[in-house]
Number of protein chains: 2
Amino acid sequence: MHEKDEDIIDFSASLTDVWRLLNEQERELLRKNAAIQHYKKNQQIYTEGDEPTHLMCLVKGKVKIYKEGVGGRNQIIRMIKPVQYFAYRAYFAREKYLTDAVAFEASSVCLIPMKVVREIMKHNYNICKFFIRQLSVDLGIADERTVNLTQKHIRGRLAESLVFLIDSYGLEDDATINIYLAREDLANLSNMTTSNAIRTLSTFVSEKIIAVDGRKIKVIDEEKLRKISKLG
Amino acid sequence: MHEKDEDIIDFSASLTDVWRLLNEQERELLRKNAAIQHYKKNQQIYTEGDEPTHLMCLVKGKVKIYKEGVGGRNQIIRMIKPVQYFAYRAYFAREKYLTDAVAFEASSVCLIPMKVVREIMKHNYNICKFFIRQLSVDLGIADERTVNLTQKHIRGRLAESLVFLIDSYGLEDDATINIYLAREDLANLSNMTTSNAIRTLSTFVSEKIIAVDGRKIKVIDEEKLRKISKLG
DNA sequence: CTACAACCATGTTTTATAGCACAAAAGTAG
DNA sequence: CTACTTTTGTGCTATAAAACATGGTTGTAG
């Protein structure tokens, strides 16, 4: 399924908090089994229905996790940034993937066979704790999201997405959001049509909350944006 | 916060799959620390913002987990039936509760201090695995739900809720769904206003998909209901 | 039994948002 | 450079669903 190029990297000695908790033997096991895979812009990483086999860690780039809805209206469920783990839910739930993962931009992913991860988990409570924590946080986010996406109005939903992007990817020196999304992706994040994303973005510009230059979004009045996000 | 009456029950020797995996010492620990708490109809079990301290297991009754939305429009996130564990997400995520839990009908809940659970988890991989699995499944459901609630039309959403109730609580001999909800709860489950829940329920009746007698819902054409749920 | 509250039902109005059509701009390939 | 596709922008229309209004029904407390 995944053709890996066989860079074996010593990521397990890196800073990633999780693997710090391993002993030397466990690290060795990881080193032997980890592989790096590179993805081009817009390349599929996994597809709904695929059998999950590997834990993935985004080393470089940006990835979106989304679900296909009716009539081409996709819903972005989660966005991954370095260094974040993903693709484990389906395996743990003993299901196929329910989502699609696509690289937003050229990305590098570290793949670790789930069997290896499970082996380590058996003897290492800290790794279990990591996944339990991660899943719990994500479940909370998902619950919040359900309510926000269903109950907030368009302005609130778009503002929320922008705030989310700010918090996830940060701002450059000139207050530009550090990720460049197509209007369509912005719409898919915010549960609205592309037209409405464009329209609403325009009104935000005219209200001097943001400035837009192509896909660059510069945040002018972050406070107001957060307010709209909260109350919208 | 929870005044427990101190029935100490021997539930840990019961059939619940999870605790089968404990050794005698761990069971003893549970027996000593578990307590049963009874809740009346419509009584709050926990509230958003509360500090999570206990793992809860619904022994008897029915419980709804919901989030308060804007303008009194609540969204039911999850429904609990016996014997199901709940209330652990917030603790594992190291957050306060993000949701409210209320007993739909007179219910009994077994409370186990999270500290005790954690103690057992440290030495028992199976319990960790149980929570990881449960969280993973729930996260998958939450993701599905987000898309369904945002993209399906009213008919589809209500049909989906009815199917969910059938699958969760089952049908009596005469095909009556085994839980009696107010129209408002049905609406809160399906992300719509109460009026629209009533209206749509009526059209289902006129289409001979269901029959309604007060809060009793009798399923006449389950296949059609599932079809509407899927395609709606 | 009566009064009051909660719940259920249905019709009408309003509004937010999807859907569509079309044009301009930008990006891409030959 | 030119042709072609994709993305962005904008106005108009259609419509699903909320909001509102009103009345009936059922349940409950005194």
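Predicted model only: the values in this text are computed from it and were never measured.
Straight-line distance from the CG atom of B:Asp213 to the P atom of D:dT25: 15 Å, rounded to whole Å. Summarising the geometry, the separation between CD on B:Gln151 and P on D:dA17 is reported as 13 Å, rounded to the nearest angstrom. Distance A:Asn42 CG to C:dT28 P: 11 Å, rounded to the nearest Å. Atom pair B:Met192:CE and D:dT15:P shows a separation of 20 Å (rounding to whole Å applied). Between the CG atom of B:Asn191 and the P atom of D:dA16 there is a distance of 17 Å, given to the nearest Å. Spacing between atom CZ of A:Arg199 and atom P of C:dA16 amounts to 14 Å, rounded to whole angstrom units. Rounded to a whole Å, the CD atom of B:Gln75 is 16 Å from the C1' atom of D:dA18. Straight-line distance from the OH atom of A:Tyr180 to the P atom of C:dA26: 17 Å, rounded to whole Å.
Phosphate proximity of D:dA17 to B:Thr193: absent, as no side-chain N or O sits under 4.0 Å from OP1 or OP2. Regarding contacts with the backbone of C:dT10, a side-chain N or O of B:Ser202 is found under 4.0 angstrom from either OP1 or OP2. Of the side-chain N and O atoms in A:Asn196, none sit less than 4.0 angstrom from OP1 or OP2 of C:dT17.
A:Glu144 has a carboxylate O that lies under 4.0 Å from a charged side-chain N of B:Lys67, or vice versa, which qualifies the two as a salt bridge. At a threshold of 4.0 Å, the pair B:Lys62-B:Glu105 counts as salt-bridged, since one of the basic side-chain nitrogens sits closer than that to a carboxylate oxygen. A salt bridge between A:Glu160 and A:Arg226 is absent, with no side-chain N of the basic residue lying under 4.0 Å from a carboxylate O of the acidic one. Using a 4.0 Å cut-off between charged side-chain N and carboxylate O, B:Glu68 and B:Arg73 make no salt bridge.
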Evaluate the salt bridge (Lys or Arg N to Asp or Glu O under 4.0 Å) criterion for residues A:Asp50 and A:Lys96: first the C-alpha distance (whole Å), next the side-chain angles of each, then the deciding distance (0.1 Å), finally the verdict. CA-CA 6 Å; A:Asp50 282 355; A:Lys96 313 262 172 161; over 6 Å; no

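Exactly one of B:Asn178, B:Asp174, B:Asp173 qualifies for a side-chain hydrogen bond (donor to acceptor under 3.5 Å, both in side chains) with B:Thr176. That residue is B:Asp174.
A donor-acceptor pair shorter than 3.5 Å can be found between the side chains of B:Thr146 and A:Thr146. A donor-acceptor pair shorter than 3.5 Å can be found between the side chains of A:Gln44 and A:Asp100. A:Tyr91 and B:Ser136 share no donor-acceptor pair across their side chains, judged by distance under 3.5 Å alone.
Interface residues of residues 153-163 of chain A facing DNA chain C, ordered by number: A:His153, A:Ile154, A:Arg157; criterion, heavy-atom separation under 4.0 Å.
Rounding to the nearest 0.5 Å places CG of A:Asp138 at 10.0 Å from CD1 of A:Ile65.
The two atoms that bring A:Asp143 and B:Arg78 nearest to each other are OD2-NH2, 2.9 Å, heavy atoms only.
Between its opening and closing five pairs, the helix from C:dC1-D:dG30 to C:dG30-D:dC1 changes axis direction by 40°, a value rounded to 10 degrees.
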So which protein N/O to nucleotides 5-8 of chain D N/O distances come out below 3.5 Å?
from  : atom 1 : to       : atom 2 : distance (Å)
D:dT7 : O3'    : A:Arg215 : NH2    : 3.3
D:dT8 : OP1    : A:Arg215 : NE     : 3.1
D:dT8 : OP2    : A:Arg183 : N      : 3.0

